[in-house]
Amino acid sequence: MHHWSKLFIPTLREAPADAEVASHKLLLRAGYVRQLSAGVYSYLFLGQRCLNKILAITRDEMDRIAQEFLLPALHPRELWEESGRWTGMGQNMFRLQDRKGAWLALGMTHEEVMTDIARHELRSYKQLPQIWYQIQTKFRDEPRPKSGLLRVRQFLMKDSYSFDLDEAGLDASYRKHEGTYHAIFRRCGLQVIAVEADSGAMGGSQSQEFMVYSEAGEDVVASCAACGYAANLEKATSRVGPIDELAPTGDGRPELIHTPGKGAIADVSEFLGISPAHDIKTVAYMALRGQKSSRPASTAEQSGGAWQPVAVFLRGDHSVNETKLLNLLGARELRPMQAEELEQFFRAPAGFLGPIGVEPAKTLLAGDALNVILDCALEDRKNMICGANRLDYHYRNVTPGRDFKGTRTADIRNIIAGEGCPQCGAALKVAKAIEIAHIFKLGYKYTSSMGARVLDPNGKEVTPIMGSYGIGMERILTAAIEQNNDSNGFWMPRSIAPFDVVVTPTNMADATLAATALKVAQQLEDAGFDVLLDDRGERAGVKFKDADLVGIPYRVNVGKKAVEGLLELITRSTMASQDVEISRVAALLAEATQPG
RNA sequence: CGGGACGUGGCUCAGCCUGGUAGAGCACUCGCUUGGGGUGCGAGGGGUCGGCAGUUCAAAUCUGCCCGUCCCGACCA
């Protein structure tokens with residue numbers, strides 16, 4: 001049993017002005033955390049207690065499929081050079097030098113270290129499969145830490161790594177993690193959806209993210225209620241409905257029309273009385289060749305002429321999905337074309353760009369020619385409007401395929417809510433979400449580049465195949481608060497709450513009440529609950545406000561009615577209150593906290 | 001990194017425009033009071049006004065540079 005009067009629980013009446021999202025404000029107000037600097041937080045008593053419960057659940061589930069390790073946070077540069085990520089991770093990696101001048105990195109993920117162990121120790125297929133995990137601090141020099149604990153520069157990750165002999169083995173390890181992750185999040189009381197994801201800087205083939213819907217989230221998820229399809233917007237595809245095409249004019253061939261000052265899609269559509277879906281949007285980029293990563297281009301590369309011109313044409317009401325585009329191009333980075341570049345490749349100003357007359361490159365990023373990418377939603381369309389590459393002019397009667405061609409046609413647009421599910425055609429929903437975990441089928445990227453080899457049953461040397469799997473521990477906490485809060489505070493699921501119940505005597509000056517409260521708290525503790533006794537000499541109102549704030553799911557008031565042997569049991573999520581006999585409170589609480 | 005905002009006791013903020021040496025509420029300490037939704041009264045402690053430089057007789061206030069934090073964009077658990 002913990003006595004509030006002896007604890008350090010610095011609750012705040014007002015949230016610091018820096019805090020914007022609910023979980024950030026409430027974590028500060030409830031005394032869970034304090035900020036040290038941008039994206040770096042200290043966990044105080046309640047925060048650490050809560051995190052410990054999350055860690056315990058995670059360990060309990062992970063131990064069923066994997067073995068716990070603890071790897072260093074300090075990594076030698078050479079290790080990261082072997083995988084190519086010393087430069088590949090760029091600015092996001094914290095680097096430092098030791099007294100001899102040797103470079104070290106603070107670990108932002110542990111594929112390299114795990115693979116180093118694997119290559120030194122694994123010799124035979126008989127040792128496979130292996131799944132190794134750890135719960136450890138990761139360091140990432142984020143360009144923009146934000147939203148309290150949602151995006152930070154130092155955080156706890158449960159990361160695991162699987163080594164298998166073949167793809168079937170990797171499938172099994174991947175599926176084990178999928179199941180275990182669902183179990184962890186269920187036990188943490190989170191509503192989680194698994195979605196198809198882009199692999200990003202990790203590399204590899206298949207990957208899934210585990211998302212919690214929240215307006216505070218930084219990701220966008222497309223999902224289908226009918227068939228269960230769900231994907232990150234970066235990856236989501238859709239079926240677009242048919243469009244009523246415009247009637248051709250004249251001989252049906254492209255025809256110049258004067259559109260003075262009408263550069264923006266909205267202006268053109270209004271001017272011509274058409275829908276933006278009849279217009280062709282032009283988006284012009286310069287793309288930097290190379291593997292996609294979090295690395296911003298260095299000045300040398302920017303001036304070194306490695307940038308290639310890319311023109312994207314898509315429906316006027318669609319937007320470019322830059323992740324899809326980068327993956328298609330095999331490029332690392334995109335930036336918008338500048339006015340001089342537009343002039344060079346289109347001989348026209350922004351607002352009046354179009355596909356007619358441009359000479360597309362034969363193959364992607366092969367030479368200096370313009371790479372023309374057509375979005376697949378332009379296929380089978382006709383009589384569209386597009387910029388004429390001439391100030392104040394557009395074309396009408398434009399039919400893709402007939403009037404212009406691209407280097408490549410591909411899906412490079414963001415889907416829009418309401419479009420058809422790619423699997424079943426039902427209307428897709430689009431909503432923001434917090435990514436709390438990500439699992440990857442890495443393939444051979446690290447085992448191959450770092451030289452891990454085992455002998456297979458035929459005595460032949462083979463490269464083991466790898467998967468990696470991460471959970472952001474603080475994000476479980478943050479997501480739980482985002483899912484369960486009101487203006488007075490928040491309530492954690494019992495499994496991860498710092499305490500199950502707070503016992504609140506309304507007046508400590510009343511010796512009978514104080515004694516009763518102590519007795520009740522002891523009773524609850526004996527029944528197996530994590531009990532916080534609010535024995536502070538504060539007024540009842542103060543204690544109630546604090547109790548509502550700090551995330552404890554149940555409260556037992558010991559007040560006036562205690563002389564009649566009655567207590568109040570308050571459920572924080574609903575604020576429902578019921579009178580309970582002292583002797584029955586433990587049993588009732590046990591009933592209330594039954595899972596399911 | 002690009003764009004925007006802010007930086008004044010622990011917290012929320014006023015004062016800055018129009019320079020004259022710092023103020024409120026909450027919190028904290030003490031006393032009394034009160035005792036079921038942040039009690040009331042009184043007395044107190046606590047601030048090199050983010051830093052440096054400049055202008056000026058005089059700078060929280062004006063100017064420049066720097067640092068820090070937050071928000072919007074490009075990245076990730």
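Every chain is numbered from 1 and lettered A, B, ... according to where its sequence line falls, protein lines coming before strand lines. Quick caveat, the model's predicted, so the values are computed rather than measured.
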Original post:
Which value, in whole Å, describes the distance between the P atoms of nucleotides rA22(B) and rA59(B)?
Top reply: 13 Å

**OP:** Give the rounded distance in Å between these two atoms: CE of M211(A) and P of rC76(B).
**Re:** 12 Å

Original post:
Which part of the nucleic acid does D159(A) contact within heavy-atom distance under 4.0 Å: base, sugar-phosphate only, or nothing?
Top reply: nothing

Subject >> Given RNA chain B, 5'-ward residue of the pair G472(A) and K146(A), judged by closest heavy atom >> reply: K146(A)

**OP:** Have a look at R153(A) and say if it touches a base, only the backbone sugar-phosphate, or nothing, with a 4.0 Å heavy-atom cut-off.
**Re:** nothing

Subject >> Distance, C1' atom - from rC28(B) to rG47(B), rounded to whole angstrom >> reply: 15 Å

Subject >> Over 12 non-hydrogen atoms of neighbours within 6.0 angstrom of CZ in R584(A) >> reply: no

Original post:
What does rA27(B) pair with, Watson-Crick or G-U, if both distances are under 3.5 Å?
Top reply: none

**OP:** Indicate, with a heavy-atom threshold strictly under 4.0 Å, whether A15(A) touches base, sugar-phosphate, or nothing.
**Re:** sugar-phosphate

**OP:** Ignoring backbone atoms, establish whether R539(A) has a side-chain N or O less than 4.0 Å from OP1 or OP2 of rU39(B).
**Re:** yes

Original post:
So what does E568(A) hit on the nucleic acid, given a heavy-atom distance under 4.0 Å: a base, only sugar-phosphate, or nothing?
Top reply: base

Original post:
Is R144(A) near enough to rC72(B) that one of its side-chain N or O atoms lies under 4.0 angstrom from OP1 or OP2?
Top reply: yes

Original post:
What nucleic acid atoms does P143(A) come within less than 4.0 Å of, heavy atoms only: base, sugar-phosphate, or nothing?
Top reply: base

**OP:** Scan every strand shown for a Watson-Crick or G-U wobble partner of rC32(B), both distances under 3.5 Å, and answer none if you come up empty.
**Re:** rG40(B)

Original post:
With sugar-phosphate meaning primed atoms plus P, OP1 and OP2, does N507(A) contact a base, only sugar-phosphate, or nothing at under 4.0 Å between heavy atoms?
Top reply: base

Original post:
In whole Å, what separates the C1' atom of rC52(B) from that of rG7(B)?
Top reply: 16 Å

Subject >> Separation between the P atoms of rC17(B) and rA60(B), rounded to whole Å >> reply: 12 Å

**OP:** Determine the Euclidean distance between corresponding C1' atoms of rG2(B) and rC75(B); express it in Å to zero decimal places.
**Re:** 15 Å

**OP:** Please work out if D548(A) contacts a base, only the sugar-phosphate, or nothing of the nucleic acid, heavy-atom cut-off 4.0 Å.
**Re:** base

Original post:
How about E581(A): does its CD atom have over 12 heavy atoms from other parts shown lying under 6.0 Å from it?
Top reply: no

**OP:** Find the partner of rC17(B): check Watson-Crick (N1-N3 plus N6-O4 or O6-N4) and G-U wobble (N1-O2, O6-N3) distances, both under 3.5 Å, and reply none if neither fits.
**Re:** none

**OP:** For rU18(B) and rU48(B), measure between their C1' atoms and round to the nearest Å.
**Re:** 26 Å

Original post:
OP1 or OP2 of rC70(B) sitting under 4.0 Å from any side-chain N/O of Q35(A)?
Top reply: yes

**OP:** Whole angstrom is fine here: how far is it from CG in N92(A) over to P in rC1(B)?
**Re:** 14 Å

Original post:
NA contact type, R536(A), heavy-atom cut-off 4.0 Å: base, sugar-phosphate, or nothing?
Top reply: nothing

Original post:
Going by atom types alone, do N414(A) and N321(A) pair a side-chain donor with an acceptor below 3.5 Å?
Top reply: yes

Original post:
Is there a stack between F544(A) and rG36(B), judged by ring centres under 5.5 Å and planes under 30°?
Top reply: no

Original post:
Considering Watson-Crick and G-U wobble pairs with both distances under 3.5 Å, what does rA60(B) pair with?
Top reply: none

**OP:** Select base, sugar-phosphate, or nothing to describe what S147(A) touches, counting heavy atoms under 4.0 Å on all strands.
**Re:** sugar-phosphate

Original post:
Using purine N1 to pyrimidine N3 plus N6-O4 or O6-N4 for Watson-Crick, or N1-O2 and O6-N3 for G-U wobble, each under 3.5 Å, what pairs with rC6(B)?
Top reply: rG68(B)

Original post:
What nucleic acid atoms does G148(A) come within less than 4.0 Å of, heavy atoms only: base, sugar-phosphate, or nothing?
Top reply: nothing

Subject >> Toward the 5' end of RNA chain B, by each residue's nearest nucleotide, R13(A) or Y41(A) >> reply: R13(A)

**OP:** Give the ring-plane orientation class for H2(A) versus F499(A), where under 30° counts as parallel, over 60° as perpendicular and anything between as tilted.
**Re:** perpendicular

**OP:** Take the angle between the ring planes of F185(A) and F210(A) and call it parallel below 30°, perpendicular above 60°, tilted in between.
**Re:** tilted

Original post:
Which whole number of Å gives the distance between the C1' atom of rG9(B) and that of rG44(B)?
Top reply: 15 Å

Subject >> Candidates S207(A), S160(A), S162(A) - the one meeting side-chain hydrogen bond (donor to acceptor under 3.5 Å, both in side chains) with Y469(A) >> reply: S162(A)

Original post:
Looking only at heavy atoms, which two atoms of D375(A) and I412(A) are closest? And how far apart?
Top reply: OD1-N, 3.0 Å

